[in-house]
Each structure stands twice: as structure tokens, then as C-alpha cells.
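Below is one structure; the comments refer to it alone.
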Amino acid sequence: MKLQEKGWKPRRTIVLCNWDAEEYGLIGSTEWVEDNRELLTSRAVAYLNVDCAVTGAGFHASATPQLDKLLAKTTQQVGDPDNSSQTIYESWVAPDNSPTIERLGGGGSDYAAFVQHIGIASADVSFGKGYPVYHSMYDDFVWMEKFGDPMFRRHIAVASVWGLTALQLADEEFLPFDYLSYAYELQKNAKDLEDEISDKGIRLAPLFESIKRLRDAATKINQERKAIEENRVWAWKFKKDQVKVREINDRLMMAERAFTDAEGLSGRSWYKHLIYAPSKHDDYGSSYFPGIDDAIEEARSLSTPEAWRSVQHQVWRVSRAVRHVSQVLTGELT
């Protein structure tokens, strides 16, 4: 309201959504995403999820990796509600001097349709992680006021993080996405995969090569963005840059879509994202490279050459998707 009173209007539209019918099946958000698929895939920048905003002490965040740096930045601007001498970021990184950001592979909340079905950059933050009265008759305002968040300081902190994050996404000239974080995450996951199946004769070279190309593409688009920001001197040049800015933002926005595949995961085609999806036997669990993970599980069960060839096929599918992302970032694929 204070910003509006000063004449502020967001550069990009902010849509506030309130979901119904989450239990069971995330029905409200899922049907809305499916009904608005064309609009969302062509224009949605990011989705910020708020589920159980406060359940206790301790800050937690989950996100698709290109939002990692943005979350680090916004948490540095908000005080820790449980320790006034430091920011949320300082308390968050204290255990190992690095923020722990989980990924949105599980199906436990309304980000599922946005990330796993149509490929929209997303984040979810909260204080606390699980609480004893969840979904019980005692899960009410009285419990929150007395035990969960006396004085509602944690609620204010979560709202502040979300507000700052939304402002950055809505108002920054360049979308605050960094796909280098994605490349590093995929590199780590690919190395873990290599350690897991190193004795099975599966070629992971295509996957590692596609990740290298993604790292190069992410570096290049970051350099393009920096060059425009540093070289603006004359008004005519500023105007000329607007077309380039829009092009870069479109590439940053659409890159996440390229992680999806129209055919989806084998046997569960609704899940289109080839990097993050729920574990096959646990909707609340999460697996990276879910198609590969499913194929490995089946191959170990069947123990046949054909089954292990299916694992190799899934490696190629993921490699192709990662390569498509790098092509979107460089402007080769639109």
C-alpha cells in the first residue's frame, strides 16, 4: 500500500492465488494450472508457494536452482525473528556456512503443477518443519498464538521474505535468475548418479556434456546482461537496449520449460519435468532425474539387458532436455 501511495506500479503483473481442495491430490491448484496452461507457459515468470508458512523455529527454503541467489539476497535483508542480532540469512547458513536449499521434487504442496507439469521456476519458504498438531482439531489460531509463533514475528519475517522476493521478480529490469546454480546442481546430481551405476555399463558422457553446455550458456547470458547494465550511457542506447532486454528475459523465463518433455515420465505422463518429480512410490519423497531413477529401479528388479538399455534411453532423454535448456538460454531454440 505504501508503494502504491507513492505511485508505484509493478513492471510485471503479480497474481495472488488462494487454492482450495489441496487434500487429496492438490486439486485446486492443479486444475487451475491445467485450465490456464497456455497463458502460464507463455507468460508466467515464477511461482511463490506459501503452504505452512510457520510451524516453529528455523528457516527453510526449497526452490528450483535458478532462484537460489535471489533467496539468499532477500533473506539478507530481513531480520531473524528469533535473534535480533542477525539476519535470517546469517542464522540460515550458520551450521555449515552455506544455505541449504531443498528442491521441489516432492508432491507435497501446490508448487507441483507449476514445476513438475509445465516447468515454471518456483520457490517455497517457511519457518519450522513439521509440527505435532498438523491437520488435527488443535491446528488453530490459539495453538499458533500460544506455541507456534507468539507475537507472530515469524509470520512477519516470512511475509517480508516473500514480499521482497516478489518485488525483485516483478520489478527488476532483468529477471533475477542464475542458471549457473542449476548447472552446478545438475553436475552434482550427475556425479552421484555415476557413483550409483558406475558398474552397469551406462554411458553418462552425454549427460555430462549437456551440463557443460548449460554452464557455458548460463555464463554467456549472465555476461550479456552485465554488458548491457555497464554500457548504458546515452539515452538512445538505453532505448535500443529495451528489445535486447526483453529477449534476454524471454530466454531466462522459457529455459525452465525446456526441462519438460511432452511425453512425460514413463508410466506417469502427467509429470513432464525430467529433473524434478516425486519418487515413484512416495509422493512426498523427491528424486532427481526421476525417469532415470525409475528405470534403474526396474532394471535392478528385472536384471535383464533390455531393462538396463532402458536406463540408457532415459539418460539420453535427460541429456537432450538439458541441451535444449542451453539452446534456449543462448537463443538458438525458441
Side-chain angles (χ1 to χ4, degrees), residues 10-15 33 36-48 63-71 73 103-104 111 114-123 165-187 207 209-232 237-262 272-276 317-334:
R11 185 189 297 268
R12 303 177 186 93
T13 301
I14 300 173
V15 179
V33 167
N36 295 278
R37 184 197 320 269
E38 186 175 335
L39 174 67
L40 292 169
T41 53
S42 63
R43 297 172 66 179
V45 168
Y47 171 68
L48 304 181
T64 47
Q66 73 273 61
L67 296 177
D68 287 359
K69 286 190 175 181
L70 175 58
L71 287 175
K73 179 180 178 180
R103 300 307 170 201
L104 299 173
Y111 54 74
F114 291 89
V115 177
Q116 299 156 12
H117 188 56
I118 61 176
I120 291 177
S122 301
T165 303
L167 279 174
Q168 294 283 314
L169 288 166
D171 267 3
E172 286 289 300
E173 182 178 29
F174 288 104
L175 291 176
F177 292 173
D178 186 359
Y179 278 88
L180 277 174
S181 296
Y182 230 126
Y184 295 142
E185 178 84 1
L186 294 180
Q187 181 75 20
L207 180 58
E209 176 60 28
S210 66
I211 293 170
K212 180 183 181 300
R213 290 182 63 176
L214 174 59
R215 186 169 62 248
D216 293 343
T219 300
K220 182 179 178 182
I221 199 169
N222 286 350
Q223 290 171 344
E224 289 181 62
R225 180 166 47 188
K226 186 177 180 181
I228 291 175
E229 290 172 336
E230 291 180 348
N231 293 333
R232 281 185 170 159
K237 188 173 180 62
F238 181 87
K239 186 175 182 180
K240 185 179 179 181
D241 282 343
Q242 295 311 296
V243 175
K244 184 64 175 178
V245 170
R246 176 60 185 267
E247 180 200 338
I248 289 174
N249 281 335
D250 284 348
R251 284 150 55 190
L252 289 168
M253 177 181 69
M254 298 304 294
E256 184 72 31
R257 316 284 195 269
F259 282 119
T260 65
D261 185 281
K272 309 293 187 185
H273 207 288
L274 299 189
I275 309 301
Y276 299 116
R317 287 187 75 197
V318 174
S319 303
R320 180 179 61 188
V322 176
R323 186 172 67 252
H324 285 169
V325 175
S326 66
Q327 290 175 315
V328 171
L329 287 175
T330 57
E332 300 172 51
L333 187 65
T334 57

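The structure displayed is predicted, hence computed values, not measured ones.
- In this structure, Ile211 CD1 and Leu207 CG are separated by 4.0 Å, a value rounded to the nearest 0.5 Å.
- Listed by chain and number, the residues in a ring pair (Phe, Tyr, Trp, His ring centres under 6.0 Å) with His324 amount to none (sequence neighbours excluded).
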Worksheet entry | side-chain contact (heavy atoms from CB on, under 4.5 Å) evaluation trace for Arg251 with Glu224 | CA-CA 12 Å; Arg251 284 150 55 190; Glu224 289 181 62; 2.8 Å; yes
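- Arg246 CZ: 12 or fewer foreign heavy atoms inside a 6.0 Å radius.
- Closest approach of Ala46 and Leu169 over heavy atoms only: CB-CD1, 3.9 Å.
- Under the 3.5 Å distance criterion, the side-chain polar atoms of Gln116 are matched with a main-chain donor or acceptor of Leu104.
- For the pair Asp68/Tyr184, no side-chain contact is recorded, criterion being any heavy-atom separation below 4.5 Å from C-beta on.
- The OG1 atom of Thr64 sits 10.0 Å away from the CD1 atom of Ile120 when rounded to the nearest 0.5 Å.
- Of all the heavy atoms in Thr260 and Ile118, the pair that sits closest is CG2-C, 3.9 Å.
- Relative ring orientation between Phe177 and Tyr179 is described as perpendicular, the plane-to-plane angle rising above 60° on a 0-90° scale split at 30° and 60°.
- Formation of a donor-acceptor pair under 3.5 Å by the Ser181 side chain with backbone atoms of Gln66 is not found in this model.
- When all heavy atoms of Arg257 and Ala44 are compared, the closest pair comes out as NH2-O, 2.7 Å.
- Remark: side-chain polar atoms of Arg323 are not paired, donor with acceptor, to backbone N or O of Arg213 under 3.5 angstrom.
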Discussion item. Using side-chain contact (heavy atoms from CB on, under 4.5 Å), reason through Arg225 and Leu252 one step at a time and then give a plain yes or no.
Written reply: CA-CA 11 Å; Arg225 180 166 47 188; Leu252 289 168; 3.6 Å; yes
Worksheet item: How far apart are the C-alpha atoms of Tyr111 and Leu48, what are their side-chain angles, what is the distance that settles it, and do they pass the side-chain contact (heavy atoms from CB on, under 4.5 Å) test?
Response: CA-CA 8 Å; Tyr111 54 74; Leu48 304 181; over 6 Å; no
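- Summarising the geometry, atom CG belonging to Leu67 is positioned 13.0 Å from atom NZ belonging to Lys73; distances are rounded to the nearest 0.5 Å.
- At least one donor-acceptor pair closer than 3.5 Å links the side chain of Arg12 to the backbone N or O of Glu172.
- A heavy-atom distance below 4.5 Å is not found between the side chains of Val322 and Leu274.
- Taking both residues in full, the closest heavy atoms of Pro10 and Asp171 are given as CA-OD1, 3.3 Å, listed atom of the first, atom of the second, then distance.
- The side-chain contact (heavy atoms from CB on, under 4.5 Å) test with Met254 singles out one residue from Asn249, Val325, Thr41, Val328, and that residue is Val328.
- From Arg215, atom CZ reaches atom NZ of Lys212 across 6.5 Å, with rounding to the nearest 0.5 Å.
- The two residues Thr330 and Ala217 come nearest to each other via the heavy atoms CG2-CB, 3.6 Å.
- Side-chain atoms of Lys272 come within 3.5 Å of backbone atoms of Ala262 as a donor-acceptor pair (strictly under, hydrogens ignored).
- Scanning all heavy atoms of the two residues, the minimum distance from Ile228 to Lys244 falls at CD1-CG, 3.4 Å.
- Counting only residues at least two apart or in different chains, salt bridge (Lys or Arg N to Asp or Glu O under 4.0 Å) contacts with residues 175-186 comprise Lys69-Asp178, Arg103-Glu185.
- Considering CG of Leu180 and CD of Gln187, their distance stands at 12.5 Å, rounded to 0.5 Å.
- In this structure, Phe114 and Tyr47 have parallel ring planes: the angle between them is below the 30° cut-off, well short of the 60° mark.
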Practice prompt. Just do the side-chain contact (heavy atoms from CB on, under 4.5 Å) check on His273 and Glu256 with the steps written out, would you?
Written response: CA-CA 9 Å; His273 207 288; Glu256 184 72 31; 2.6 Å; yes
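- Rounded to the nearest 0.5 Å, atoms CD1 (Ile221) and CG (Asp216) are 13.5 Å apart.
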